[in-house]
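For ligands, and for the atoms within them, numbers begin at 1 and follow the listed sequence. Note that these values count all heavy atoms, side chains included, but never hydrogens, waters or copies made by symmetry.
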Amino acid sequence: MREKQYLMIPGPTPVPPRILRALSIPAIGHRSPQFAEIMKDVTARLKNIFETENDVLILTSSGTGAMEAAVCNFVNAGDKVLVMENGNFGERWVKLNKRYGADVEIIAGPWGEPHNPQALKARIDADKEHQIKAVFVTHNETSTGVVNDIKALREAVGDHPALFIVDSVSGMAVSPLKIDEWKLDVVATGSQKAFMIPPGLAFISVSPRAWAICEKVTTPRFYFDLRAAKKAYTEKFNTPYTPATNLIVALQESLKMMEEEGLPSIWARHEKYKTLVRAAIKELGLEPLAGDEAASGAVTAIKKPGNIDVKKISKLMREKHNIIIAAGQGKLETEIFRIGHLGYVHVNDIIVTIAALEMTLKELGMDIVLGRGVAAVLNLLVKGE
Ligand SMILES: *Cc1c(COP(=O)(O)O)cnc(C)c1O
C-alpha cells in the first residue's frame, strides 16, 4: 500500500496529482522554441513567488547546488565571511565557505532558538574597515523548526557593504520573505519543499549589487557559474546545460497552483498547520523544541519524550501506520523527531499523523489518553482556526 503513504517530512514533500500529470508528458527538446517559451513563463512566475525584480535563475540540482552557487559566485578564497549558525543548515554554510577557502567567522546560536540580531549588529558595527564580504543566514532552519527573523537580521547589517545571502530552501512560500523590500542580495531555494515538485531543481535570486561582485570574483566555477546561467537565459530563454525539462514543466504547473492559491493564503495555511501540530503535541505532554515566537510553519521539531528512542517512533510510524516522519539532524539526531508540514499538505494529513503518533507513543510505553491530541486539532478546526 505504498500509494497511501503519508510523507510528513520537511522535504521531499507530497506531489499533487495535477503536478504528477504534468510530469508525465513526453520528453521535449531543451533547445526547442516550445521549451524557451516554458522557461520564459516559468521564470516570470517564479519571480512573482520570490516577490522580486532581481534575476531568478533555475539550476538543475538539489537545494545545496544553489547554496554552492551562492558561495562560489560571490566569495573569493581568503574573504572574510560571517555565518549565522543555529542548526544543521547553518553548518552547511560554514562547510561550503570553508571548502572554498573563505575566512569563516561563525556567530553560533543555540539550536532551537532564533538568532539574536543584536549579536550580528555588534559584529557588523565593529567592522569599521569593511573586512566582512558576505553574511550568510538561514531563513527556516529545518533541522530545529525555527524561523530566523530575516528582516531584523538584514536591518542589523544596515549600510555595511557585505552581501546578504539567504538559504530559504524550506522557508520560501512558507513564510514571508521580502527580497526587494528587505534588500536580500542572494536567496537560494529548492523544488522539493514548498514548491511541491520532486527534488532536482534549485532556484536562486541575485541582486544587481551581487552581480557586480560576481563579475569580480575569481573563484573557479563551471556548472554553477551564474553568469553562464544568466547569459543563456537573457540571450535564448534557456540554460547553459541540459536542464531537468520535465521538472521545469512540473514547476510551471506548481507555480500556477501557487498563484491560484495566492501567497498570503499559502502562508496562512502553513501557520495553521504549525498551530494544529503544536496544540496536539502539547496536549499529549510533548515539548516542541522551538518556542512559540519563532516556530516554523514548515516543520515542527519535538523533544524526545522521556527515554523513548526517537528512531523507534519513526520506525513504528512508518511500519505500522505508513507515515514517514523525520529524525533529528546533526547534534540533535537522537534528541528530537520532526513532523514536516509544508507544501501539498492537508489538515486531514495532520489529523492522521497525530492519531498515529498517539498510538505509537502508547505502544512505546507513554501514558497517552488516546484521542487527546486529535481532539486538540479538531477543536481548533471547528473554531475555524
Ligand atoms: C532541504 C534544505 C536544503 C537543501 O537540501 P538539498 O538536500 O540539497 O535539497 C538546504 N537548506 C535547508 C534549510 C533545507 O531545508
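Checked by distance only, ligand 1 and Thr138 stay at 3.5 Å or farther apart across all their nitrogen or oxygen atoms. At under 3.5 Å, a nitrogen or oxygen of Gly63, whether backbone or side chain, sits near a nitrogen or oxygen of ligand 1.
Contacts between Val169 and ligand 1, counted as non-hydrogen atom pairs separated by less than 4.0 Å, involve the side chain only. Residue-level proximity to ligand 1 for His139 is absent, since no heavy atom of it falls below 4.0 angstrom.
Ring centroids of Tyr100 and Phe74 are separated by 6.0 Å or more, keeping the two rings apart. Aromatic ring centres of His130 and His160 lie closer together than 6.0 Å. If you look at Phe195 and Phe203, their ring centroids are closer than 6.0 Å.
Heavy-atom neighbours of Asn348 CG from other residues, nucleotides or ligands within 6.0 Å: above the threshold of 12. The neighbour count for Lys151 NZ, taken as heavy atoms of other residues, nucleotides or ligands under 6.0 Å away, does not exceed 12.
In this structure, atom 11 (N) of ligand 1 lies nearest to the protein heavy atom Asp167 OD2, 2.6 Å. Among protein heavy atoms, atom 15 (O) of ligand 1 sits closest to Thr142 OG1, 2.4 Å. When hydrogens are left out, the protein atom nearest atom 6 (P) of ligand 1 is Ser62 OG, 3.4 Å; that is the closest non-hydrogen contact. Here the protein heavy atom with the shortest distance to atom 9 (O) of ligand 1 is Gln192 NE2, 2.7 Å. Nearest protein neighbour of atom 14 (C) of ligand 1, counting heavy atoms only, is Lys193 NZ, 2.9 Å.
Close contacts of ligand 1 with Met67, meaning ligand atoms under 4.0 Å from a residue heavy atom, involve 10 (C). Residue Ser170 has at least one heavy-atom neighbour below 4.0 Å for each of these atoms of ligand 1: 13 (C), 15 (O). Listed by number with element, the atoms of ligand 1 under 4.0 Å from a non-hydrogen atom of Asn140 are 13 (C).
A salt bridge links Glu259 to Arg45: at least one charged side-chain nitrogen sits closer than 4.0 Å to a carboxylate oxygen.
Screening Thr353, Thr300, Asp349 for a side-chain hydrogen bond (donor to acceptor under 3.5 Å, both in side chains) involving His341 leaves a single residue, Thr300.
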Open item on the list: salt bridge (charged side-chain N to carboxylate O under 4.0 Å, His left out) for Glu155 and Lys183? Distances and angles first, verdict last.
Closed with: CA-CA 9 Å; Glu155 278 168 5; Lys183 300 194 173 73; over 6 Å; no
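The residue among Asn88, Leu342, Val299, Thr64 with a heavy atom at the shortest distance from atom 8 (O) of ligand 1 is Thr64.
Side chain of His115 to backbone of Pro117: no donor-acceptor contact under 3.5 angstrom is found.
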